[in-house]
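This report concerns only the one structure given below.
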Number of protein chains: 2
Amino acid sequence: MNYSKQREEIYEILKENVVHPSAEYIYDILKKANSNISLATVYRNLNKMASSGRIKKIEGLEEKAHFDHNTFEHYHFICQKCGRIFDIDKEVAPEVVIRAQEKTGFIINSYDIVFHGICRECIEKEKENDKICM
Amino acid sequence: MNYSKQREEIYEILKENVVHPSAEYIYDILKKANSNISLATVYRNLNKMASSGRIKKIEGLEEKAHFDHNTFEHYHFICQKCGRIFDIDKEVAPEVVIRAQEKTGFIINSYDIVFHGICRECIEKEKENDKICM
DNA sequence: AAGAAAAGTGATAATAATTATCAGTTTACA
DNA sequence: TGTAAACTGATAATTATTATCACTTTTCTT
């Protein structure tokens with residue numbers, strides 16, 4: 001794989017963004033920063049980096065795919081209110097692979113856990129709203 | 001929700017199918033059984049049943065969504081060779097929700113685990129091939 | 001440093017899954 | 001039995017993603 005300025009720009013945005021942006025989100029940021037990049041290039045490079053293992057593709061309940069520069073084993077949480085995606089530490093589900101392999105006899109190469117719920121910030125906001133309504 | 005013949009037919013196919021069919025697969029079966037059903041009707045009813053909780057929508061690494069009549073808490077395994085989707089018992093990951101809630105302070109309403117690997121049948125097939133090549 | 005092959009790019013057409021629309025049909029229930 | 005609400009088939013529209021293609025960059029060889 002050759003060096004490409006565009007690819008590095010995409011990677012930088014991914015690294016700065018805690019909430020796991022989609023291809024289009026990255027494209028919009030670059031466009032606003034007066035780049036001449038094409039959406040196809042964003043997709044191309046995200047997929048290339050994902051298949052080389054430099055980044056990770058998250059495909060959960062959402063329509064779009066989202067990407068994560070953190071390739072450490074960890075899980076994801078999608079807030080049903082604000083839509084942001086958060087990391088969840090590996091240790092919430094220890095030995096899952098071992099147990100699943102023992103139980104099924106299948107070879108397990110990878111697995112993803114996606115949680116759905118309400119993040120702390122949105123829980124707080126709901127509390128505020130309740131106060132006002134009282 | 002009113003009764004509809006088409007919806008019940010769709011549900012029946014879902015119940016008979018162990019490997020969690022997609023909307024199009026169900027559509028094809030009905031078409032072959034000389035039904036006059038429309039693909040839109042299949043999608044409509046699958047989504048309706050999924051949001052009423054009668055069935056479950058599985059959205060993993062695949063492009064298409066797949067559906068499951070089993071709404072008991074359980075996980076899924078996608079075979080990277082044959083593409084079939086299998087059920088994985090809940091007990092491979094006990095207390096995941098409790099741990100995740102404690103660790104994050106988020107409210108968790110649901111979660112999905114999708115495993116990727118090779119199913120037993122495909123493991124056997126690979127062994128056969130190895131024998132032949134020796 | 002020059003020049004050729006390989007890899008990458010932007011623009012846009014194509015694809016594929018899913019959803020929206022709409023006129024006609026079925027269901028439920030007063 | 002009639003009417004409002006829900007549902008249907010056909011098909012157009014939408015949305016995310018991928019393929020194509022002429023052109024540009026990068027890399028590697030000499």
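We name chains A, B, ... by the order of the sequence lines, and we start the count at 1 in each one.
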Where the side chain of Lys48(B) is defined as all heavy atoms beyond and including C-beta, which of dT12(C), dC7(D), dA10(D) is the nearest nucleotide?
dC7(D)
Categorize Thr41(A) for me: base, sugar-phosphate, or nothing, with a 4.0 angstrom heavy-atom threshold over every strand shown.
base
Report yes if a side-chain nitrogen or oxygen of Lys5(B) is closer than 4.0 Å to either non-bridging phosphate oxygen (OP1 or OP2) of dC7(D); otherwise report no.
no
What is the distance from OH of Tyr3(A) to C1' of dG8(C), rounded to the nearest Å?
12 Å
Are Tyr27(A) and Leu14(A) linked, directly or through other ILVMFWY residues, by side chains that come within less than 4.5 angstrom of each other?
yes
Has Lys31(B) got more than 12 heavy atoms of other residues, nucleotides or ligands less than 6.0 Å from its NZ?
yes
Side chains of Gln80(B) and Asn109(A) only: does a donor on one sit below 3.5 Å from an acceptor on the other?
yes
Spacing of Ile58(A) atom CD1 relative to dT17(D) atom P, expressed in whole Å:
13 Å
Which of the following nucleotides, dG8(C), dT9(C), dA10(D), is nearest to the side chain of Arg44(A)?
dT9(C)
Please state how far atom CG in Leu46(A) lies from atom P in dT9(C), giving the value in whole angstrom units.
11 Å
Can you see if the side chain of Asn2(A) gets near the phosphate of dT9(C) - specifically, an N or O under 4.0 Å from OP1 or OP2?
no
Give a yes/no on whether any side-chain N or O of Ser4(A) is located under 4.0 angstrom from OP1 or OP2 of dA7(C).
no
To the nearest Å, give me how far apart CE (Met49(A)) and P (dA7(C)) are.
18 Å
Between residues 6-26 of chain B and DNA chain D, which residues have a heavy-atom gap below 4.0 Å?
Gln6(B), Arg7(B)
According to the interplanar angle, ranging from 0 to 90°, do the rings of His69(A) and Tyr11(A) count as parallel (below 30°), tilted (30 to 60°) or perpendicular (above 60°)?
perpendicular
Once the angle between the rings of Tyr75(A) and Tyr111(A) is folded into 0 to 90°, is it parallel (under 30°), tilted (30 to 60°) or perpendicular (over 60°)?
tilted
Given dT17(D), is OP1 or OP2 found less than 4.0 Å from the side-chain N or O atoms of Tyr43(A)?
yes
Ion pair present between Glu8(A) and Arg54(A), side-chain N to carboxylate O less than 4.0 angstrom?
yes
Count the heavy atoms belonging to other residues, nucleotides or ligands that lie under 6.0 Å from NZ of Lys81(B), then report whether that count exceeds 12.
no
Test Ile55(A) against every option in Ile10(A), Asn45(A), Leu46(A), Asn70(A) by the side-chain contact (heavy atoms from CB on, under 4.5 Å) rule and name the one that passes.
Leu46(A)
Net bend of the helix from dA1(C)-dT30(D) to dA30(C)-dT1(D), end axes of five pairs each, nearest 10 degrees:
30°
Closest to the Asn47(A) side chain, choosing from dC7(D), dA11(C), dT18(D):
dT18(D)
For atom OH of Tyr25(B), decide whether the heavy atoms of other residues, nucleotides or ligands shown that lie under 6.0 angstrom number more than 12.
no
Please tell me if the side chains of Ile26(B) and Glu9(B) come closer than 4.5 Å, counting only heavy atoms from C-beta onward.
no
Met1(B) side chain: which of dC7(D), dT26(D), dG9(D) is closest?
dC7(D)
For Asn45(A) and dT9(C), is the shortest distance between a side-chain N/O and OP1 or OP2 below 4.0 Å?
yes
Rounded to whole Å, CG of Leu39(A) lies from P of dT17(D) at a distance of 9 Å
